[in-house]
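Since the structure comes first, as structure tokens, the remarks are kept for the end.
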Amino acid sequence: MESKLNQFLVKTIFIIFSGISIFLLILNMFNYAGFEPVNQYPPKGFITITLLLSIVFIFLFYRYRSLILNIISKFDKPYLVLSLLLMSIIIQLIIIILFSTSPYTWDFGNIIIEAETLLSTGHLGRYSTLFPNNWLLILIIYAIGKILFPSLMVYEFFNVAIITISQFFIYRIATKLLGRKVGIFSLLLSIFFFPYMFYSPIVYSDTISLIFLVLPLNILINRDGNMKKEWLPIVSASILFAFGYLIKGSLIVFSIALSIVLLLFLKKWRRVFFLIPLVIVFLINSGFHFTVFQSGIIDKEVVEKNSYPFTHWIMMGQNRTNYGKWTYEDVDLTEDLLSKYPKDEVKKYHLKEIEARFKERGVLGSINYNIKKIRHTWADGTYFSLNKLMRTPLNPDNFTRLTTGFKHLVVQGYARIQHLFILIGLFIFSIKTFKDRNEFYTFGMLSVIGFFFFFILWEARSRYIVSVTPILILLSCIGYFSNSKDKSGYDESNI
């Protein structure tokens with residue numbers, strides 16, 4: 001029999017998730033931040049008109065969702081999934097042809113420079129001494145360049161492969177949870193999901209991290225939609241989550257979420273398995289850094305002196321001028337401090353600065369500040385992709401046409417309606433699953449809760465939540481279709 005404490009904790013998770021989903025839905029109904037990354041503002045009436053269109057579309061979709069699944073079943077032939085994945089590849093390649101950008105204006109370019117520096121000299125450069133959090137991604141790009149050829153096109157093809165494989169695993173997980181027809185719908189949703197299309201030319205941790213969520217989840221979830229309780233899948237998933245953390249620090253949320261789920265759902269002595277994700281992420285993180293230092297490609301002392309402490313990103317997450325987004329002022333401040341003082345002193349300065357910023361704003365001012373921060377993080381249906389494509393586009397005329405006039409209104413309207421569609425799905429999920437005790441549901445709720453609070457604490461952009469979008473898609477599909485599970489399940493012969 002479940003303990004009352006377990007029941008209380010599961011209900012608490014549900015209540016927090018429901019509160020967040022309601023807050024995000026209301027925020028997005030009356031706000032939209034998708035124009036700001038391209039230095040524009042929504043024209044008059046845009047938010048109201050797209051909200052009304054969203055309500056009509058979602059009402060019709062929900063009313064006729066069974067009909068939609070029946071239509072899917074009529075088109076469900078052998079190799080349908082493979083055909084859809086090929087369509088996804090074609091869409092992404094078209095986006096790359098039309099909207100590729102020179103990467104050398106931000107971290108995307110620095111990653112490539114570091115990888116190619118390692119190829120030519122056998123050593124990493126200055127950027128890597130500042131940002132050890134990007135080492136694994138640099139080494140992946142280095143390996144691709146060494147095995148194949150070091151070019152932007154090759155890296156973009158690798159990114160397309162990661163996105164497409166991730167879409168396949170979204171389909172596979174949804175199929176295990178709700179049956180093949182819903183799985184195919186989730187695949188269609190992910191193929192036409194705005195950031196998965198428009199981030200295809202951008203080879204960075206936002207998209208590369210996707211595989212380190214969906215692959216371990218696929219390992220953990222059995223054909224009946226339940227979590228496997230054996231140690232081997234738990235260890236395997238924990239290892240992949242740990243490597244995801246090396247790709248993008250915010251993915252620590254998934255290791256913590258898995259640990260909590262194991263503690264809540266495993267029985268008796270097996271509850272000790274909750275330590276596995278935490279121990280593995282510690283061991284892999286420590287072992288990876290030790291291996292990099294031992295390889296001689298970077299100087300440990302230089303890294304320990306120059307790398308930004310974690311307090312830098314918390315301080316920047318509460319900067320004075322930019323609602324928690326990246327700012328030159330805080331970067332210059334940290335680099336100046338590191339050039340003069342030991343890192344421990346720099347951390348202390350950061351903490352004092354964070355405290356001073358809170359005191360300046362006061363309680364109400366801090367609440368208002370963080371609502372605006374949440375707005376630009378969670379109310380952008382483009383997920384900041386257009387800003388990244390705007391930076392030195394290789395075909396500037398194509399990008400100009402995309403972001404001006406009526407075409408831009410259509411693009412932003414599509415992104416906003418799709419974003420609202422997913423958020424309303426989350427809200428419906430929270431209503432429908434109130435009494436359900438399911439490991440994946442709890443993992444998904446914990447992941448959303450974790451990302452929500454992590455990016456209140458940390459520096460934030462809307463692109464940073466791309467890593468959790470497979471969870472958003474899956475929970476949304478559960479919301480719309482949780483009473484529609486068919487008996488077909490996942491069948492590899494139907495791919």
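Residues take their numbers from the sequence shown, with the count starting at 1.
- For F194 and F198, the gap between ring centers is short of 6.0 Å.
- Note that OG of S128 is 8.5 Å distant from CG of L118, once rounded to the nearest 0.5 Å.
- No side-chain N or O of T327 forms a donor-acceptor pair with one of N322 less than 3.5 Å apart.
- Annotation: Y127, atom OH; neighbour count of heavy atoms from other residues, nucleotides and ligands within 6.0 Å is above 12.
- With no hydrogens or angles considered, a side-chain donor-acceptor pair links Q92 and T164 at under 3.5 Å.
- With no hydrogens or angles considered, no side-chain donor-acceptor pair links R375 and Y32 at under 3.5 Å.
- Defined by atom type and a distance below 3.5 Å, a donor-acceptor pair is present between the side-chain atoms of N370 and Q318.
- Counting only N and O atoms by type, the side chains of N218 and K176 include a donor and acceptor under 3.5 Å apart.
- Remark: the K248 side chain and the S205 side chain contain an N/O donor-acceptor pair separated by less than 3.5 Å.
- Centroid-to-centroid, the aromatic rings of F421 and Y480 come within less than 6.0 Å.
- F429 and F17 have their aromatic ring centers within a separation under 6.0 angstrom.
- Look at E439 and K228 and you find no salt bridge, because none of the NZ, NE, NH1 or NH2 atoms lies under 4.0 Å from a carboxylate O.
- Side-chain contact annotation: S209 with S467, donor-acceptor N/O pair under 3.5 Å present.
- Remark: of the listed residues I140, I111, L148, V203, V203 is the sole one forming a side-chain contact (heavy atoms from CB on, under 4.5 Å) with Y155.
- One side chain, Y383 or H419, offers a donor N or O that lies under 3.5 Å from an acceptor on the other.
- Remark: F23 CZ is packed, more than 12 non-hydrogen atoms of other residues, nucleotides or ligands lying under 6.0 Å away.
- With hydrogens and angles left out, the side-chain atoms of T334 and H312 include a donor and acceptor closer than 3.5 Å.
- Side-chain contact of S100 with E156: a donor-acceptor pair under 3.5 Å is present, judged by distance alone.
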Decide side chain to side chain contact (heavy atoms under 4.5 Å, CB included) for L177 and F440; before the verdict, give the C-alpha distance in whole Å, the side-chain angles of both, and the deciding distance to 0.1 Å. CA-CA 9 Å; L177 293 167; F440 174 74; 3.6 Å; yes
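- In the displayed structure, F35 atom CZ is contacted under 6.0 Å by more than 12 heavy atoms of other residues, nucleotides or ligands.
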Quick one, H408 with V38, criterion side chain to side chain contact (heavy atoms under 4.5 Å, CB included). Give me CA distance, side-chain angles, the key distance, then yes/no. CA-CA 11 Å; H408 192 210; V38 288; 3.9 Å; yes
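- Between T469 and Y196, the side chains place a donor N or O and an acceptor N or O closer than 3.5 Å (distance only, hydrogens not considered).
- Taking the centre of each ring, Y204 and W106 come in below the 6.0 Å mark.
- Within the 6.0 Å centre-distance limit, the rings of Y308 and F131 are counted as a close aromatic pair.
- Taking the six-membered ring where tryptophan is involved, the planes of F451 and F455 are tilted, since the angle between them lies from 30° to 60°.
- Side chain to side chain, Y464 and E459 meet the donor-acceptor criterion of an N or O pair below 3.5 Å.
- Side-chain contact, T50 with R416: a donor N or O sits under 3.5 Å from an acceptor N or O.
- In this structure, the ring of F61 has its center less than 6.0 angstrom from the ring center of F481.
- The side-chain tip of R172 does not point at the ring of F169 from less than 6.0 angstrom away and within 45° of straight on.
- F243 CZ: 12 or fewer foreign heavy atoms inside a 6.0 Å radius.
- With respect to the salt-bridge test (charged N to carboxylate O, under 4.0 angstrom), the residues K181 and D76 do not qualify.
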Tell me, with the steps shown, if I256 and F241 meet side chain to side chain contact (heavy atoms under 4.5 Å, CB included). CA-CA 10 Å; I256 295 170; F241 282 141; over 6 Å; no
